[in-house]
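Everything on this sheet refers to the single structure shown next.
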Amino acid sequence: MEKMLAAMMGGTVVSLEVFFLTLLFSLPLGLVITAGHMSKIAVVRIPVRIFMLIVRGTPLILQLIFIYFAPYYIFKLSYNRFTAAIIAFSINYACYFAEIYRGGIEAIPKGQYEASFVLGFTKAQTFFRIILPQVIKTIIPATGNEVITLVKDTALAQTIGVAELFRVAQTASSREFSTTPIFVAGVFYLIMNWAVTVGFDKLEKKLSYYR
C-alpha cells in the first residue's frame, strides 16, 4: 500500500507539473489569440479563426498524438513526451481561454471606451487600466470551470506515455488486480479540484468591489 501511494504521489507531481505549465503558457497565449480573433485585419483574423475552429473542433487526445508524432514524420524532429504534452495542452486551452476573454471584452459597454478617450487615455491605457480589470472579474467563473476541466484532462497525457497520476493508477491496478488505485486517484483529483474551487472562490470575493 505504501509503495502504491508513493508511486501515485509521483504521478500526482507530474499531473501538477502539466497543470501549472499549461496555465503558465495558455493564459497569456489565449490573450494573443483573442487579439488575432478580434483583429480588423482580415489576413490576421481569418487564419486565427480557422486555427481556433480546428483546435476546438478536434479532440485533445488527437492533438496530443499529432503534436508528438507529426514533427518526426514531417520534419524528422523529435522531442520528449512531456514537452509534447505541454505544447498540446497549452495550445488547446489557449483557444478556449481566448473565447472566454473575447466574451469578457465584448461584455464591456462601449461607453467606457468613449469615456476613457474623452479623459485622454491611450488605447493601451484604456485596455490595461480600465477594461482588463473588469474583464478579469467577469470571466472568473468561466475560467474556473476550464481550470477544473484541465485538472481532469491531465489524465489524457497518458495517451503519449506521460506517467501522470491516472497512468500510474492504471498500472498499479493491473499489477495488483484491484480497483483501489483507481479509487485513490479519483480522491486525488477531487482534492486538487477542491483546491482550485476554493482558490477561485477567494479570488472572486477579492474582486467583488467591482459590483
Side-chain angles (χ1 to χ4, degrees), residues 8-34 36-37 48-49 51-68 81-107 132 135-170 181-207:
M8 294 187 70
M9 286 300 296
T12 301
V13 170
V14 175
S15 292
L16 289 173
E17 288 175 345
V18 173
F19 173 76
F20 284 113
L21 287 173
T22 297
L23 288 182
L24 177 65
F25 295 119
S26 64
L27 287 171
L29 180 58
L31 198 57
V32 174
I33 294 174
T34 301
H37 187 282
V48 169
R49 291 188 177 184
F51 176 75
M52 290 182 65
L53 176 63
I54 294 171
V55 173
R56 297 174 69 221
T58 56
L60 175 55
I61 191 171
L62 179 62
Q63 295 166 26
L64 281 161
I65 294 170
F66 178 83
I67 289 176
Y68 180 58
R81 293 176 172 84
F82 185 81
T83 301
I86 298 303
I87 293 172
F89 273 92
S90 298
I91 293 173
N92 182 275
Y93 272 84
C95 289
Y96 283 96
F97 285 136
E99 278 296 274
I100 293 173
Y101 294 158
R102 185 174 68 86
I105 292 171
E106 291 183 345
L132 187 58
V135 169
I136 291 173
K137 167 60 181 173
T138 302
I139 67 174
I140 284 177
T143 303
N145 285 336
E146 283 299 317
V147 174
I148 288 172
T149 301
L150 172 59
V151 172
K152 294 177 287 186
D153 276 354
T154 56
L156 293 176
Q158 66 165 317
T159 305
I160 55 175
V162 176
E164 45 65 59
L165 174 59
F166 192 71
R167 183 180 178 87
V168 172
Q170 280 187 317
I182 301 296
F183 176 77
V184 173
V187 173
F188 279 25
Y189 283 115
L190 181 60
I191 292 171
M192 288 188 284
N193 271 328
W194 171 79
V196 169
T197 301
V198 170
F200 272 90
D201 284 345
K202 289 184 177 180
L203 181 60
E204 192 168 0
K205 288 178 182 178
K206 189 173 182 180
L207 296 175

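Just so you know, residue 1 is the first one in the sequence shown, and it goes up from there.
Considering all non-hydrogen atoms of both residues, A88 and L60 come closest at O-CD1, 4.0 Å. Residue V48 comes nearest to H37 through the heavy atom pair CG1-N, 3.6 Å, listed as atom of the first residue, atom of the second, then distance. For A98 against M52, the heavy-atom pair with the smallest separation is CB-CE, 4.1 Å. Between R56 and Y96, the closest heavy-atom pair is O-OH, 3.4 Å. Scanning both residues, I33 and A94, for their nearest heavy atoms gives CD1-CB, 3.9 Å.
The structure places CD1 of I100 at 7.0 Å from CD1 of I139, a figure rounded to the nearest 0.5 Å. For the atom pair CD1 (I86) and CD1 (I67), the distance works out to 11.0 Å, reported to the nearest 0.5 Å. Between the OG1 atom in T83 and the CG atom in L21 there is a gap of 9.5 Å [rounded to 0.5 Å]. To the nearest 0.5 angstrom, F51 atom CZ is 5.0 Å from I91 atom CD1. To the nearest 0.5 Å, atom OG1 of residue T143 and atom CG of residue L150 are 12.0 Å apart. Taken to the nearest 0.5 Å, the CD atom of E164 stands 10.0 Å off from the CE atom of M8.
Taking the side chain as every heavy atom from C-beta outward, F20 and L24 never approach each other to under 4.5 Å. Contact annotation: the side chain of T154 approaches that of Y189 to within less than 4.5 Å [non-hydrogen atoms, C-beta and beyond]. Using a 4.5 Å heavy-atom threshold, the side chains of R167 and V14 count as separate.
Residues passing the side chain to side chain donor-acceptor pair (under 3.5 Å) test with T197: none are found, sequence neighbours excluded. By the salt bridge (charged side-chain N to carboxylate O under 4.0 Å, His left out) test, R102 is found to be paired with E99, E106, residues two or more places apart in sequence or in another chain being considered. L203 pairs by the side chain to side chain contact (heavy atoms under 4.5 Å, CB included) definition with I140, L207, not counting sequence neighbours. Residues satisfying the side chain to side chain donor-acceptor pair (under 3.5 Å) criterion with Q158, sequence neighbours excluded, are absent altogether. Residues passing the side chain to side chain contact (heavy atoms under 4.5 Å, CB included) test with L132, sequence neighbours excluded: F127, F128, I136. In this structure, T149 has no side chain to side chain donor-acceptor pair (under 3.5 Å) partners at least two apart in sequence or on a different chain. Applying the side chain to side chain contact (heavy atoms under 4.5 Å, CB included) criterion to N193, with sequence neighbours excluded, gives I148, V151, K152. Residues that satisfy the side chain to side chain contact (heavy atoms under 4.5 Å, CB included) test with A85, not counting sequence neighbours, are L64, F89, A157, I160, V162. Taking the side chain to side chain donor-acceptor pair (under 3.5 Å) definition, one finds that Y101 meets it with nothing, sequence neighbours left out.
For residues 21-31, no residue pair satisfies the side chain to side chain donor-acceptor pair (under 3.5 Å) rule, not counting sequence neighbours. Identified under the side chain to side chain donor-acceptor pair (under 3.5 Å) test for residues 8-21, with sequence neighbours left out: none.
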Walk me through it: do L190 and W194 pass the test side chain to side chain contact (heavy atoms under 4.5 Å, CB included)? CA-CA 6 Å; L190 181 60; W194 171 79; 5.6 Å; no
Start with the C-alpha gap between F97 and V147, add the side-chain angles, then the distance that decides, and say whether side chain to side chain contact (heavy atoms under 4.5 Å, CB included) holds. CA-CA 10 Å; F97 285 136; V147 174; 4.3 Å; yes
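Under a 3.5 Å cut-off, the side chain of E146 and the backbone N or O of Y93 do not form any donor-acceptor pair.
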